[in-house]
Amino acid sequence: MTTTTTREPAAPDSRTPGRAARILADRRLPVLVTAGLFLVMYAVGLSRYQNYGFAETQVFLNLFIDNSYLLVAAVGATFVILSGGIDLSVGSVIGFTTMFTAWLVEKQGLPIVVVIPMALAVGAFGGYLMGYVIQNFEIQPFIVTLAGLFLFRGLCLVISKESISITDSTVSSMAQAQISLGGGFLSVGAVVSLVVLGVAFYVLHHTRFGRRVYAIGGNEQSALLMGLPQGGTKIAVYTVSGFCSALAGLLFALYIQSGDPLHATGLELDAIAAVVIGGTLLTGGSGYVVGTLFGVLVLGLIKSLIQFEGTLSSWWTKIATGVLLCAFILVQRTMTSRRSP
Amino acid sequence: MAEPLPVLEMTGIVKEFPGVRALSGVDFRLFPGEIHALLGENGAGKSTLIKVLTGVYSLDGGTVTLNGTPVRFHSPSQAQQAGISTVYQEVNLCPNLSVAENILIGREPTRFGRIQWKRLRREAAELVDRLGLDIDVDAPLSSYPLAVQQLVAIVRSVGTGDSDGPGSGTRVLILDEPTSSLDRDEVLELFALMRRLKDQGVAILFVSHFLDQIYEVCDRMTVLRNGALVGEHLVRDLDQVGLVQLMIGKALDQLEELHDHQLHADVGESLLTADGVGRTGRIAPFDLEIKKGEVVGLAGLLGSGRTELARLLFGADQPDSGKVTIGGRQVPMSAPNDAIAAGVAFCSENRRAEGLVPDLTVRENIVLALQAARGWTRPVPAAQRDELVAKYIKALDIRPADPEARVGQLSGGNQQKVLLARWLITQPKLLILDEPTRGIDIGAKAEIQKLVVSLSEDGMAVLYIAAELEEVLRLSHTIGVLRDRKLVAKLANGPEITPTRILETIASGEHQ
Ligand SMILES: Nc1ncnc2c1ncn2[C@@H]1O[C@H](COP(=O)(O)OP(=O)(O)O)[C@@H](O)[C@H]1O
Ligand SMILES: [Mg+2]
């Protein structure tokens with residue numbers, strides 16, 4: 001008997017992409033590559049500096065402690081970059097937050113628990129304003145956040161031209177608190193940064209807002225035509241980034257225990273580098289915040305490898321970052337060109 | 001039978017873009033349980049009407065009522081919430097998301113704000129199933145070809161507004177040229193779905209360039225021309241010839257009058273042959289021969305594939321089948337340079353966007369192609385250049401006859417002549433003219449037509465595309481008739497070839 005069925009389940013549908021192509025096109029691949037790179041670098045460190053204590057748990061945990069503020073800033077930058085934008089104001093907002101916090105705590109005598117929400121609100125509001133301008137006046141994010149960069153750096157100097165060291169006892173005890181973990185310890189800052197990472201992951205993958213961020217990064221015009229509130233999403237993304245920058249500023253102040261008008265200059269570029277090395281496309285719409293964690297860890301590991309080497313100048317950190325960034329952008333380029341049918 | 005109340009009524013709709021009045025007082029009604037075709041040539045304003053309705057563009061005049069209540073949408077999401085789902089002409093999905101997300105984004109099932117991914121996948125798969133499609137909803141949209149993406153967009157629109165059960169919230173479904181990249185089976189699947197929704201009382205607005213499809217599924221049609229309403233008819237009351245006349249805007253007897261033959265007879269040997277040349281989704285494979293000194297005219301509705309055909313012969317789009325031979329040598333056609341080297345010139349219909357540089361002078365615009373042909377390292381000597389430019393300004397009677405005038409300030413007809421001069425200066429063997437007379441005044445039109453005749457008398461082959469049938473008839477030795485992106489007939493011009501004959505061919509798609 002011959003029955004003609006329009007679709008034979010056994011025959012591969014010519015419209016379904018092949019397996020190899022699918023693996024290459026898988027958006028998780030860049031994150032795995034970065035994670036792999038981190039492991040390889042860590043293994044190299046272990047074999048070379050074993051006798052210098054590289055194998056200690058604390059060396060590993062220090063990666064989280066020393067880069068906690070960068071991780072928080074980079075998580076904010078991940079939102080922006082996923083949505084197809086860019087935020088150049090990150091470093092300035094961090095610097096401003098350190099000044100603002102130090103000034104309020106030391107010069108005005110406000111308790112830190114009051115200052116923290118104020119600092120976060122200022123950062124979030126700054127981000128909201130930038131998002132509002134970008135959305136409603138249809139101006140390039142690059143320009144608007146560049147203006148934000150100058151504005152916040154200028155505001156630092158309005159507060160004070162001198163650095164202000166923080167001697168408040170609550171702050172010091174917070175800075176010195178150790179949360180023990182598997183033979184080592186984490187700082188308060190590191191724990192906060194990991195919580196932020198977890199929350200960001202949840203928001204991006206399990207809420208409508210998060211999916212809208214991906215949608216407008218994929219194709220903003222489409223998102224609009226699909227009836228998504230694309231304008232509000234965009235503003236929210238910059239608000240999130242402003243909030244994260246302010247939080248990163250608080251962690252930075254905690255880490256350094258001072259406010260300085262020149263703190264965190266150019267840190268936005270480190271954050272963007274971490275996001276890109278973590279496999280997020282600069283054009284938006286593709287990437288994972290977990291990748292950003294690995295991006296930050298790779299950058300941190302480069303620094304500590306160079307410290308362990310001892311003979312190399314710290315400028316090698318920059319050179320290594322530059323080379324990695326180039327390599328990753330090239331890899332991404334080839335992968336995206338494969339992805340479109 | 002008394003007509004039920006329309007679910008959607010638009011009256012006196014006006015929309016202006018800078019410099020263009022895209023819609024001038026259009027009325028449109030849509031009844032529940034009908035499939036309503038919106039027809040008109042490219043640029044007639046169909047997509048604009050849809051975008052004005054759904055809040056993508058703001059309205060400059062007129063009213064919209066939905067179920068008897070006046071409405072005005074300010075964003076596509078408002079229209080969606082009111083039960084109008086739309087598939088716009090450009091695929092409007094996010095390639096980076098999975099198929100399932102694309103179908104349901106904006107109304108993902110959530111619980112306490114958390115997206116329920118399992119349920120989302122299941123619901124998306126159900127919707128895909130309902131369309132009889134076999135698509136892996138977990139794969140990213142970008143891994144599928146355009147036709148499948150188009151289908152996904154349709155699935156999304158059908159599912160929009162579901163509150164109790166898929167499709168239940170949609171009262172009006174708008175499909176703007178959804179079939180342009182679908183194959184026959186996919187079109188049939190879509191039609192089956194449209195009929196099912198229609199039976200459920202959904203009102204469907206359907207735009208398509210394929211006349212057969214209109215007659216296959218539609219109940220009623222509204223015809224637009226140049227942004228104005230031409231008429232609303234029941235499909236069964238109007239045959240295809242009548243419809244084509246409405247779309248073109250000329251009655252048959254009017255066309256007959258203008259018809260007279262005065263073609264020169266010295267057509268030479270074969271210059272260009274196209275064997276099975278085609279490009280998927282643009283134009284079906286066609287055979288065509290153009291001889292020296294011959295004018296081949298292309299007739300057909302806007303959007304029937306005339307420009308697409310010409311672009312393939314120029315290498316502006318790459319054919320994916322067949323071969324082109326020019327002067328006995330096969331030309332690869334991988335880029336316009338191949339065609340230019342073989343002596344083909346192409347005057348684009350889009351003279352501002354693709355041809356002329358409005359900020360340069362007449363002289364600079366004219367020598368552009370010649371310079372490109374020589375390569376940038378060998379400038380055309382100034383004296384020779386000025387002489388050539390002066391010659392063509394005179395020959396084509398470009399006004400003002402000032403080589404230093406800025407092209408942007410010239411009238412449309414004169415701009416067209418500058419574009420022509422640019423190509424003529426390279427002495428092409430085949431000149432492709434895509435709508436050379438569009439938007440220019442009668443006098444300039446006649447001059448350009450005269451020029452075409454004299455060029456062909458000098459042995460140049462011309463491929464001539466024009467919207468007006470009589471123009472094509474007056475100039476062409478051979479007329480290629482296009483319909484639904486297919487070259488359906490090649491008619492040798494003669495006394496028995498009349499506008500009626502061509503219209504019938506366009507309407508029926510058959511070579512009688
Ligand atoms: N966004 C826009 N800006 C300026 N002009 C436009 C825009 N959209 C459409 N038009 C013009 O409006 C007219 C109608 O276009 P459209 O509605 O796309 O036609 P159709 O869909 O019937 O082919 C055309 O002349 C087109 O050039
Ligand atoms: Mg259209």
Side-chain angles (χ1 to χ4, degrees), chain A residues 5-9 11-19 21-28 82-84 202-233 280-281 283-287 336-341, chain B residues 51 54-56 73 75-81 84-98 101-110 112-117 120 132-136 139-149 151 153 156-157 160-161 185-186 188-189:
Chain A
T5 45
T6 40
R7 299 209 191 278
E8 283 208 33
D13 189 336
S14 63
R15 300 189 302 204
T16 308
R19 186 141 177 229
R22 255 176 108 157
I23 290 175
L24 269 176
D26 194 314
R27 281 158 210 286
R28 280 167 297 197
L82 278 177
S83 79
Y202 181 84
V203 168
L204 282 173
H205 294 283
H206 296 287
T207 68
R208 288 188 175 181
F209 167 67
R211 302 321 292 168
R212 288 206 299 266
V213 172
Y214 278 88
I216 65 174
N219 188 333
E220 196 176 332
Q221 185 61 22
S222 289
L224 176 74
L225 290 179
M226 284 162 111
L228 302 177
Q230 139 274 5
T233 306
T280 300
L281 283 189
T283 45
S286 174
T336 37
S337 59
R338 237 176 249 275
R339 205 173 275 156
S340 34
Chain B
K51 288 188 173 167
T54 55
V56 179
F73 303 120
S75 72
S77 60
Q78 288 179 359
Q80 262 181 29
Q81 275 151 24
I84 302 180
S85 17
T86 313
V87 177
Y88 298 92
Q89 186 167 3
E90 321 78 48
V91 173
N92 50 298
L93 296 174
C94 293
N96 57 326
L97 302 181
S98 70
E101 276 203 89
N102 267 294
I103 293 174
L104 288 170
I105 193 164
R107 55 207 153 84
E108 302 99 329
T110 56
F112 309 121
R114 183 192 166 99
I115 295 176
Q116 296 171 290
W117 284 106
L120 182 138
L133 296 172
D134 179 21
I135 301 174
D136 175 6
L141 185 78
S142 60
S143 62
Y144 286 105
L146 201 63
V148 180
Q149 298 190 12
L151 290 168
R156 172 181 172 82
S157 68
T160 311
D185 283 346
E186 290 160 341
L188 289 179
E189 280 167 7

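Lettering of chains follows the sequences in order, A, B, ..., and the numbering in each one begins at 1.
With values rounded to the nearest 0.5 angstrom, A:L225 atom CG is found 7.5 Å from B:T54 atom OG1.
Side-chain atoms of A:Q221 and B:N92, non-hydrogen and from C-beta on, never get closer than 4.5 Å to each other.
Chosen from B:I105, B:V87, B:N96, the residue pairing most often with chain A at heavy-atom distances under 4.5 Å is B:N96.
Ring geometry for A:Y214 against A:H205 counts as tilted: the plane angle lies between 30° and 60°, on a 0 to 90° scale.
Geometrically, A:R212 does not engage A:F209 in a cation-pi contact, judged by NZ or CZ lying under 6.0 Å from the ring centre and within 45° of the ring axis.
Heavy-atom distances place both the backbone and the side chain of B:E108 under 4.5 Å from chain A. Looking at A:Y202, the atoms closer than 4.5 Å to chain B (heavy atoms on both sides) all sit in the side chain, from C-beta outward. With a threshold of 4.5 angstrom between heavy atoms, B:L97 approaches chain A through side-chain atoms but not through N, CA, C or O.
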